[in-house]
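Encoded as structure tokens, the structure appears first; notes follow it.
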Amino acid sequence: MESENIRLDHRVIFELIEFNSKVLDLGCGDGDLMYLLTRKKKVRVQGIEVDDAAIAKCVKKGLSVFHSDLETGLIEFPDRSFDYVILNQSLQEVRKAEYIINESLRVAGRVIVGFPNFACLRSRLALFFRGRAPVTLSLPCHWYDTPNLRFLSIRDFWDFIREKGYKAMAARYLQGDREIRLLPNLRAWNAIFMIAKCESQPQSGLRSAAS
């Protein structure tokens, strides 16, 4: 796939999703990722979004989007009605994070979660040396205007997966416009996981990589 100025997190998610799949994108924004999936992988995709301006952009792209809050938008979908649920850059903004992940795993076999890593070195240095809530490229908002309600790290999410008995089918760590492997909890600005319930997928063999 040509880069076509596509965001790195969108390219990673694109790679994780199989052709001709059924996908639900929670907090789909203006639909760039949905459009990429429908155009390049023939995916049947449904979006959920609360912002009217973003929904209008999706409609202009010919995409199907429900106007709904993430915490209530999954109730209407039956079990295993999708192959994948995407929750990219939205988990840190919701109140009922565990509920949304559980509901996502109910309606799809695999859930792709992308989030900013609040434990990256830039954030640690900003807090340690300046004594202020960090403002970085991956966390561009100030404390008073940020949409983020939760501040999780890669290590936190690995702990969550183990505690809840889920499996990580994939874990990708991003730093700007490149992927990294070494010391991701310290160096990565963002992370993307693909998780599943243990009974639904074979063992992946992935291990936690945190610092």
Side-chain angles (χ1 to χ4, degrees), residues 9-10 12-14 16-38 41-59 61-116 146-152 156-172 190-201 204:
D9 59 336
H10 287 184
V12 169
I13 294 171
F14 178 91
L16 293 174
I17 292 177
E18 298 177 357
F19 280 89
N20 299 310
S21 300
K22 293 183 65 178
V23 176
L24 178 64
D25 190 351
L26 302 180
C28 61
D30 58 13
D32 285 345
L33 177 57
M34 295 170 62
Y35 185 71
L36 175 66
L37 290 168
T38 56
K41 283 202 167 178
K42 309 302 180 185
V43 164
R44 291 165 289 171
V45 61
Q46 172 70 57
I48 293 181
E49 177 58 51
V50 72
D51 182 78
D52 290 330
I55 292 173
K57 292 180 180 179
C58 290
V59 172
K61 294 182 175 79
L63 301 169
S64 175
V65 182
F66 289 154
H67 184 281
S68 180
D69 184 270
L70 297 189
E71 295 178 13
T72 59
L74 288 166
I75 297 174
E76 302 298 327
F77 295 106
D79 295 359
R80 294 303 177 93
S81 48
F82 295 92
D83 300 305
Y84 301 88
V85 166
I86 300 172
L87 187 62
N88 187 39
Q89 297 300 315
S90 300
L91 184 65
Q92 70 277 6
E93 299 178 5
V94 299
R95 292 172 298 166
K96 301 177 181 178
E98 182 179 355
Y99 169 79
I100 290 177
I101 291 176
N102 288 337
E103 278 291 282
S104 297
L105 287 167
R106 177 184 64 80
V107 302
R110 304 178 187 182
V111 175
I112 297 173
V113 181
F115 57 89
T146 179
N148 298 323
L149 301 176
R150 302 184 180 278
F151 302 90
L152 70 157
D156 287 326
F157 199 74
W158 272 114
D159 289 344
F160 173 79
I161 291 171
R162 286 191 292 265
E163 289 170 6
K164 302 304 175 183
Y166 300 146
K167 278 189 299 194
M169 309 305 296
R172 309 277 287 269
N190 293 278
I192 296 174
F193 284 77
M194 184 164 69
I195 63 174
K197 289 184 177 180
C198 285
E199 68 271 19
S200 62
Q201 300 293 343
S204 67

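Numbering starts at 1 and runs along the sequence shown.
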One pair to check against side chain to side chain contact (heavy atoms under 4.5 Å, CB included): Leu91 and Ile101. What are the steps and the verdict?
CA-CA 9 Å; Leu91 184 65; Ile101 291 176; 4.0 Å; yes
Can you see which heavy atom on Met34 is nearest to which on Val65, and at what distance?
CE-CG2, 4.3 Å
Output all residues satisfying ring pair (Phe, Tyr, Trp, His ring centres under 6.0 Å) with Phe82, sequence neighbours left out; order by chain, then residue number.
Phe77
At their closest point, which heavy atom of Asn190 faces which heavy atom of Pro116, and how far apart are they?
OD1-CA, 3.3 Å
Side chain to side chain contact (heavy atoms under 4.5 Å, CB included) filter on Asn88, not counting sequence neighbours, yields Arg7, Asp9, His10, Ile13, Ile86
Please tabulate, for side-chain N and O atoms in residues 47-54, each donor-acceptor pair with protein atoms closer than 3.5 Å (sequence neighbours left out).
residue, atom, partner, partner atom, Å
Glu49, OE1, Cys28, N, 3.3
Glu49, OE1, Gly29, N, 2.7
Glu49, OE2, Asp51, N, 3.1
Asp51, OD2, Ala53, N, 3.3
Asp51, OD2, Ala54, N, 2.8
Asp52, OD1, His67, NE2, 3.0

Lys61 meets the side chain to side chain contact (heavy atoms under 4.5 Å, CB included) criterion, sequence neighbours left out, with Asp30, Asp32, Tyr35, Lys57, Leu63
Listed by chain and number, what are the salt bridge (Lys or Arg N to Asp or Glu O under 4.0 Å) partners of Arg106, not counting sequence neighbours?
Asp79, Glu103
Once you measure the plane-to-plane angle for Phe193 and Phe115, does it fall in the parallel (<30°), tilted (30-60°) or perpendicular (>60°) bin?
parallel
Working to the nearest 0.5 angstrom, can you tell me the gap between Arg44 CZ and Leu24 CG?
13.5 Å
Leu74 versus Ile100, closest heavy-atom pair with distance:
CD1-O, 3.9 Å
Using side chain to side chain donor-acceptor pair (under 3.5 Å) as the criterion, list what pairs up with Asp69, not counting sequence neighbours.
none
